[in-house]
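Take a look at the structure below.
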There are 2 protein chains.
Amino acid sequence: MFGTIFMTLSEEDYIKAIYHLGKGDNTTVSTNGVAEQMETKPSSVTDMVKKLSEKGVVNYRPYKGVSLTEHGQKIALSLVRKHRLWEVFLVEKLNFSWDEVHEVAEQLEHIKSEKLIDQLDKHLGFPEVDPHGDPIPSKKGEFKKTIKKLLNEVAIGTSGICVGVKDSSPPFLKFLDKNKIALGDTILILEKEEFDGSFYIQVKDIKIHISNQIASNLYLKITA
Amino acid sequence: MFGTIFMTLSEEDYIKAIYHLGKGDNTTVSTNGVAEQMETKPSSVTDMVKKLSEKGVVNYRPYKGVSLTEHGQKIALSLVRKHRLWEVFLVEKLNFSWDEVHEVAEQLEHIKSEKLIDQLDKHLGFPEVDPHGDPIPSKKGEFKKTIKKLLNEVAIGTSGICVGVKDSSPPFLKFLDKNKIALGDTILILEKEEFDGSFYIQVKDIKIHISNQIASNLYLKITA
DNA sequence: ATTATTATTTAGATACGTCTAAATAATTGT
DNA sequence: ACAATTATTTAGACGTATCTAAATAATAAT
C-alpha cells in the first residue's frame, strides 16, 4: 500500500464537504449541494470533482452526482479525526470554549504529520468524542455511533455531552447558566426520582437535582 | 491601528526568509539570496517582492535589494514566535525529538489565531527559548539575545542548551550518548575543578563530572 | 409529450505563484 | 575605462482554483 497521496488544502476541503453531505455513508451528493456547503459556485465544483475523480478519490458521473471512493473515505475520516482531536486539545488544554474551536480546528486539520496526530491523541488520553459530543474516528477509521436524546430519555448510569436545548427561552437559559450547565459539558445521570420524574445528575464533579421539566428540555449526545 | 493584514502562506514564507537572511536586523538582502533560501528562482522573488512592497511590508528598490519595513518585521517576529512556541510544544508535550520538529512547526506557524498562540504560550509556561536554544519573541516582538559558547567558556551557575559539538568523532559522540547528553538538553554548570579544568554539570536532574577536553568540545547556547 | 424550470457542465476570463528565456543593470578584472 | 561576468528584472507561459455567462441535460408541470 502506498502512503496517502498528496492533497491540496482545497482538495481536502472538497473531500470533507462531500463526506459530510453524504452523512458519513457513501451517499451520492449533488454538485449544487457541494457548492452550497463550500460557499462556492457549481461550476467550480464540477472542475474540482473532475480532478478528484482523476486522482481516484471520488466517483463522478456527469449530471449524476459524486460520491467518495474507498480511498476518498479514508482521507475524509482522517480529516475528521484530526479536526476533532484538535478540538479536544483546544478545549481541554488551551481553555477554548465550545463555540470557539471550529474555525481554528478547520485550519489545524490540514497539518500533515502522522506522528503529530498520534502523539496528540496520546497526549489527550485517546478521547472518544470531541467537545460537541461527536465521535473521533480511530487511526484505522473506525468510530462509535452517537445519538442525541433528551436527558429524561437517557438510562440511569450513562453519561453524555450537553449539545443543545429544546426550549431556548431566556428563563431556561438563565437557569442553566445559574446551575453552571453549559454546552459541551459532560453530564452523568445519577438517579431518577420516580415520585416527580426529577433527576439527580452530575455536571463537572458537582451533583445537582433538576426537575423533569428541565430534563425534558436538554439534549445530550451519548455514545451508542 | 488595524489588525495585521492578511498574508498568504507564500507571502509569509518570503517575509520569514528575508528576516532570517537579514539576521533579525533590518539588513538589505539580495534577490538571489532570497531565491536560494527559498529554493526558488530569482525571477519569482522579484515578482513576490514587488507585491510585498505594494502591501507595505518590504522596502524594495530594483537592483538594490529588499528589506523589511517595520510592519514586515512585526509579521516576521510573530511568525518566529509561533514557530518556536510550536517547537516547544512538540518537544515538551508530544515527545518529538530535537530534530523532528522543524518541518511540522513550519506548517503550524501559519495557523491564524491570536488566542491560540496566547493560550499555547501559557500552556507551555511562557518559555523563553525553543528546543534549539533560540529565543522566543514576546507578543510585542521583544526577545533576549543568545550566544553560542563552548561549555568551558561559560560562567559557573549559568545554564544553556546543548546545540552542537566541535569534535564530531564517533568516540566523542559515543561518550555523549553513554552519558545521556543529547542536543537540546539543558545543561547547568555547577562547578569547575581548578586542578584539572574539569567541570561538574547537571543534565536533566543528573549531576555528572566531565573533563576539560569534553567541556571544550560542547557548544551551549545561553541567554545573554 | 411537450414546455418550462432547474441543475449541471462547458467555455472563456482572472488572480496567484511559479517557471524559462531574453534583456538589462551592476560589478569585476585587466 | 572597457570588456567580461554576474545579478536582476522583464516578458511571456503554465498550473491551480476560482468566477461569469452561455449551452446543455435532467426534471417538473400542464
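Protein chains get the first letters and strands the later ones, always in sequence-line order, with residue 1 at the start of each.
- B:D25 places no side-chain N or O within 3.5 Å of a backbone atom of B:T27 that could act as its donor or acceptor partner.
- Of the possible polar contacts, none joining the A:T40 side chain to the A:S44 backbone as a donor-acceptor pair under 3.5 Å is found.
- We find that CD of B:E39 is positioned 12 Å from P of C:dT18, with the value rounded to whole Å.
- One finds the CD atom of A:E103 at 11.0 Å from the CG atom of B:L116 (value rounded to the nearest 0.5 Å).
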Fill in: Protein proximity profile, nucleotides 5-10 of chain C - base contact B, sugar-phosphate-only contact S, no contact -, cut-off 4.0 Å on heavy atoms
--SBBB
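- D:dC19 atom P lies 11 Å from atom CE of A:M48, rounded to whole Å.
- Distance check, rounded to the nearest 0.5 Å: CG of B:L90 to CG of B:L108 gives 6.0 Å.
- Residue B:S44 places at least one side-chain N or O under 4.0 Å from the OP1 or OP2 atom of C:dC19.
- In this structure a side-chain-to-backbone donor-acceptor pair under 3.5 Å is present from A:K55 to A:F6.
- Counting non-hydrogen atoms of neighbouring residues, nucleotides and ligands closer than 6.0 angstrom, the NZ atom of B:K115 exceeds 12 such neighbours.
- Between the side chain of B:R84 and the backbone N or O of B:D130, no donor-acceptor pair lies under 3.5 Å.
- Heavy-atom distances under 4.0 Å link DNA chain C to B:T8, B:S10, B:Y14 of residues 6-21 of chain B, given in residue order.
- In the model, B:D13 has a side-chain atom that pairs as donor or acceptor with a side-chain atom of B:H110 under 3.5 Å.
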